[in-house]
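Read through the structure below, which is laid out as structure tokens, and then see the notes.
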Amino acid sequence: MDYTPQNQKDKKQMFESIGIGNIDELFKIIPSHLKVKDLNISGGKTEQELLNYFLNIASKNKKLISFRGAGVYDHFIPSLVGEIIGRSEFWTAYTPYQAEASQGTLQAVFEYQSLICALTGLDVSNASLYDGATAAAEAVLLALRVGDKNKILISSGVHPEYIQTVKTYLENSKAKIEIISLSDNGRLDKNTVDSLTDYNTAAVVIQSPNYFGIVEYMDALSLAIKSKNSLFIVIINPLSLGVFKAPGEYNADIVVGEGQALGSSMSVGGATIGFMAVKKSLEWKMPGRIVGQTTDRDGKRGFVLTLQSREQHIRREKATSNICTNASLNALAACVFLSGWGNAGFSNLAETNISKARYAFAKIKSLDGFKAKFENETFFNEFVIETSKNIKKINKVLLKNNILGPLDLSNAGDNFKNCLLFCVTEQRTEAEINRLVELLMKI
Amino acid sequence: MEKLLNELSSECQSAYGVECDVAIDAQVPENLKRGIPLGLPSITENDLLRHFTNLSKKNYALSTVFYPLGSCTMKYNPLINERIAKNDAFNNVHPYQPIETMQGTLEVMYELEKDLCEITGMDTFSLQQAAGAHGEFAGLLVIAKYFKSIRQKRKKIIVPDSAHGTNPASAAFAGFEIVPLKSELDDGSVSHDKLKEVLTSEVAALMLTVPNTLGIFEKNIVKISKLIHDNGSLLYYDGANFNAVMGIVRPGDMGFDVMHINLHKTFSTPHGGGGPGSGPIGVKSFLEPFLPVPRVEKKKDKYVLNYKKLKSIGKLKAFFGNFPVILRAYAYVKALGGKGLKNVSKQAVLNANYMLAKFKDKINVPAGNRCMHEFVLSPKPLFKNDIRTIDIAKRLLDYGYYAPTIYFPLIVDEAIMIEPTETESKETLDKFVNVVNKIILEESCQELQKLKDAPINTPVRRLNEVEAARKPILKWK
Amino acid sequence: MNIPQDLLYTKTHEWVKIEENKIKVGITDFAQHEITDIVHVELPEIGTGVKKEQPAAVVESVKSAFDIYAPVSGKIVEINNNVLGSPELVNNSPYEEGYLFVIEFFNKKELDDLLKANDYKKLV
């Protein structure tokens, strides 16, 4: 394939206009000893060949029934999402620099921001960040910009890859990161948080439901954090907000999370979307693009990129972040996703996740050799089971039956030896859950 | 005017719903329960389809108009790539599923890394970064970690004033001090002498965009590279403009130690209205140990993920990278092959020079008669009556074109930066040149009001950005 | 252009009004005009130490941001909260309602480096 349209006649005319005899004259400025002869790259495939080539590669992936989550989830994606993000007017547009010619993208992002604010109960959302992990890192950097405090506390219930990402982002800064351990019941103890938070603590980062599926007691934790004037950064699963308390209700300052559950496919955990919402007082400190409503010359409503003097193309090294390209198309997917449920439908979606997870939990923990790790805690769609069986064998047997089994938590710390993290979303049917239980029973 | 979702909301049957085939059992303790309303709209699927389809029509997009946005490389996004990327066998893969069940995905990543090495002359690549700026950040962290490993304190990064804003922002993000470098006025190049003046033992690296943002190849590159390396510093290549030199010259051969590339520019993946993108970084082998984890490796016939890299800078994001973007880029490489990729840059440079030739006798071109893949016009001397570049840009929208990049690079007053890319026909270029000339040379003198009133053919007219920033309305009420 | 005679000025377009051991600081009419419509102002916190000719505040338009420099070294003792909510005050009333902050200075001698109105006029 070749995507260049000029024929020989065009080229000849173009050479004449420029005043050259051949294309190579245009590259004279490049030292000849540096020039490449040929690139040793196979290709030149036709469209038909490409299709088959990639079907063959795709066939090396295996389709599995997933009981695994840990940050990326198999959720239902309504047909409308694919239809809309598949419209070339959206996917072939650039960042909406010329507002008058980009009202489609701009209004959709404005609606996305509105929906994120509604869901989280916070005042201001940006237009998106790369993913949940980088959103968490940007939240921490935001908190460090607020005052001159330099301690950051992070719950060990935060996704381990998020903690790693935050550490990478802060590698060369003056900030110090301390990890808060979970209690034996799998969640944070407010007294522990209270005693670790001091007046030098810029922010405390807590994920709920945490990495082990458990919903944290955010009210109490918030009080402890606020008593030291620290910022409360919350990492949230957006779908869980259909049932669980909104961060705005417990006075969170910055809310971030992974928005993959809102209409983006898993695709090995990338291209997903990070969302961020903050209190009004922090809006000028936010990273990333923000869309605002305004009026045109005739007084008609319209939308523009706004608060731009925070950004790298204006502020350069003093910008709030270096982010430029974000995850706009995923924000559109999230917008289409969130707009079609209604309050009751969205709650029902969350309740379905809880119900199916509880159904599976009850069955699995009663099997011989399996027991609940945290018996009396509340979870959303993930839970931890402790087992006396061989974990490798469990997942091997399940895989043979095309099931992606639970995540082995043996790397998550001493407290999680012989533990499994199950995930059950609305996508899993009763029959699939029963089949899982049946297979586990036989091991 | 298209209504907002909350204005469309009514007591209707919402578009989506799920059935729960086990008994609903979702009571949660009172202190964990949501107390405030969700505030989500309730809209039928029919109405939502209309809403979003109508919104899409308010966009100028590459699929509807010529999009000569300088520095953004808005080239045709091949449809076959979209078709390949829609395959559920790629999309339904969980990042933590056993590697033997995701060999297809890993193959794509491994093979693209290999091809990028050949294309750029670097020794190894990492695909984890989600965008160009993310790549810059990762590259600079690699540089920081490298100097730490050899116990050298180098806290400064030199950034020419012609660079994209992301360069200094990324360097600051990575903990460096920025040393700005004034570029030469005539062609945006780096002066050997000026560079020498700021090149101290504290300098970790020089970040260069080649060709630079005036669209000119860095003629002193060999000397610069020697100067930098003699100083014990490293050379960083910003690949935002790589579309100009693919298959012609390789950053690795020019002496660059670290680079990033934008798959959503040079490698034809769509921009999605602002993302997702992908910003792979390439390094010379001595920097390989510092790349983000995991690394995709091949052991015999099997692709594996290696997390055990002790010197690694760590993770730049969760998981492995923006895979659907990586997949499209790999499909592009396989469509074109080595020969086709080389032809891309040749045609891109031809197209840009052709347009430049048609402009240069009429409109001031600060960087001369030749360019690489893009060029910058400075129409300021022609402006009368308070006309500014923004008026030209808005008027172009009325003619059915997306506007070029304006007011960038900052070193050119009232700049108009045009990048045609290789996928546009001569006819498209001719028409566009005629329109720009007409606006600048005729309308701006004789029909001033048309420019000041522009745009009139767009869904909204000129928008009040001052009010938007002074009294921000950032969500619906 | 309005350059009040009774004020002192800096080369970076701040004006200074001396009030005993303090100075009131804002940006000049010339500066506000060059910046165009001001949409946001960032001010230091009360109590912050500032150094002569170092950035102390930021004034932003839609497409640019400008550092505002402390004319002398000292401590911020007052800020104009009104310009935070209504940044247009800096455009509309640069010398009165649109002032930015008050510094309690350490060294009176530093005031000698400031420009008189006529000298500033020559500069712009």
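In what follows, every heavy atom counts, from backbone to side chain, and hydrogens, waters and symmetry copies are set aside. Every chain is numbered from 1 and lettered A, B, ... according to where its sequence line falls, protein lines coming before strand lines.
Around atom NZ of A:K60, more than 12 heavy atoms belonging to other residues, nucleotides or ligands sit under 6.0 Å away.
For the residue pair A:S267 / B:N91, no side-chain donor-acceptor distance below 3.5 Å is found, with atom types taken as modelled. When only modelled atom types and interatomic distance are considered, B:N92 and A:D74 share no side-chain donor-acceptor pair under 3.5 Å. Side-chain contact annotation: A:S42 with B:K334, donor-acceptor N/O pair under 3.5 Å present. Between the side chains of B:K394 and A:Q98, at least one donor N or O lies within less than 3.5 Å of an accepting N or O. Between the side chains of A:Q6 and B:N351, a donor-acceptor pair is found at a separation under 3.5 Å. Side-chain contact, A:T325 with B:H134: no donor N or O sits under 3.5 Å from an acceptor N or O.
Contact of B:A318 with chain A is made through backbone and side chain together, with heavy-atom distances under 4.5 Å. Proximity to chain A involves both the backbone and the side chain of B:L4, based on heavy atoms less than 4.5 angstrom apart. Within the 4.5 angstrom heavy-atom criterion, only side-chain atoms of A:D219, from C-beta onward, approach chain B. Of the atoms belonging to B:V333, heavy atoms from both backbone and side chain fall under 4.5 Å from chain A. With a 4.5 Å cut-off on non-hydrogen atoms, B:E422 touches chain A through its backbone and its side chain both. Heavy atoms of A:I273 lying under 4.5 Å from chain B are absent altogether. For a residue to count as touching a neighbouring chain, one of its non-hydrogen atoms must lie under 4.5 Å from one of that chain's; by this rule B:E2 touches chain A with backbone and side chain alike. Contact annotation for A:I84: only side-chain heavy atoms (C-beta onward) come within less than 4.5 Å of a heavy atom of chain B. Within the 4.5 angstrom heavy-atom criterion, only side-chain atoms of B:M74, from C-beta onward, approach chain A. For B:L69, the part sitting under 4.5 Å from any heavy atom of chain A is the side chain, from C-beta outward, and nothing else. The parts of A:Q293 that come within reach of chain B are both its backbone and its side chain, each placing non-hydrogen atoms under 4.5 angstrom from that chain. Residue A:V291 touches chain B through its backbone alone, counting heavy-atom pairs closer than 4.5 Å. B:Y67 touches chain A through its side chain: at least one heavy atom from C-beta onward sits under 4.5 Å away, while N, CA, C and O do not. Interface residue A:L50: backbone and side-chain heavy atoms are both found under 4.5 Å from chain B. Using a 4.5 Å cut-off between heavy atoms, B:L474 contacts chain A through both its backbone and its side chain. Both the backbone and the side chain of A:S347 come within less than 4.5 Å of a heavy atom in chain B. Looking at A:I314, neither its backbone nor its side chain comes within 4.5 Å of chain B, counting heavy atoms on both sides. Interface residue B:T53: backbone and side-chain heavy atoms are both found under 4.5 Å from chain A. For a residue to count as touching a neighbouring chain, one of its non-hydrogen atoms must lie under 4.5 Å from one of that chain's; by this rule B:R462 touches chain A with backbone and side chain alike. When heavy atoms are compared at a cutoff of 4.5 Å, A:L407 approaches chain B solely by way of its side chain, counted from C-beta outward.
Across B:Y354 and A:S17, no two heavy atoms sit closer than the pair CE1-OG, 3.4 Å. Nearest heavy atom pair, residue A:T168 against residue B:L316, reads CG2-CD2, 4.0 Å.
Note on A:E351, A:Q113, A:R87: by heavy-atom pairs under 4.5 Å with chain B, the leading option is A:R87. Listed options A:R297, A:E311, A:M1 were ranked by heavy-atom pairs under 4.5 angstrom with chain B; first place goes to A:R297.
With sequence neighbours left out, A:F90 forms a ring pair (Phe, Tyr, Trp, His ring centres under 6.0 Å) with no residue at all. With sequence neighbours excluded, the residues that form a side-chain contact (heavy atoms from CB on, under 4.5 Å) with A:S102 are A:P96, A:L106, B:N59, B:Y402.
Taking the six-membered ring for Trp and the full ring otherwise, A:Y169 and B:F137 have centroids separated by under 6.0 Å.
Residues A:K63 and B:D88 are not paired through a salt bridge, judged by the lack of any N-O separation under 4.0 Å between the basic side chain and the carboxylate.
The aromatic rings of A:Y3 and B:Y76 sit tilted, their planes meeting at an angle between 30° and 60°.
Side-chain atoms of B:I43 and A:W341, non-hydrogen and from C-beta on, never get closer than 4.5 Å to each other. Side-chain contact between A:T352 and B:I24 is present, with heavy atoms from C-beta onward closer than 4.5 Å. The shortest side-chain heavy-atom distance between B:K426 and A:M14 falls under the 4.5 Å cut-off. Counting only heavy atoms from C-beta outward, the side chains of A:K300 and B:M1 approach each other to under 4.5 Å. The shortest side-chain heavy-atom distance between B:R83 and A:F54 does not fall under the 4.5 Å cut-off. Here the side chains of B:D253 and A:K35 are not in contact, with every heavy-atom distance at 4.5 Å or above. Within the 4.5 Å cutoff, no side-chain heavy atoms of A:H313 are placed close to those of B:T166. Taking the side chain as every heavy atom from C-beta outward, A:C335 and B:F52 approach each other to under 4.5 Å.
To the nearest 0.5 Å, atom CD of residue B:Q347 and atom NZ of residue A:K11 are 4.5 Å apart.
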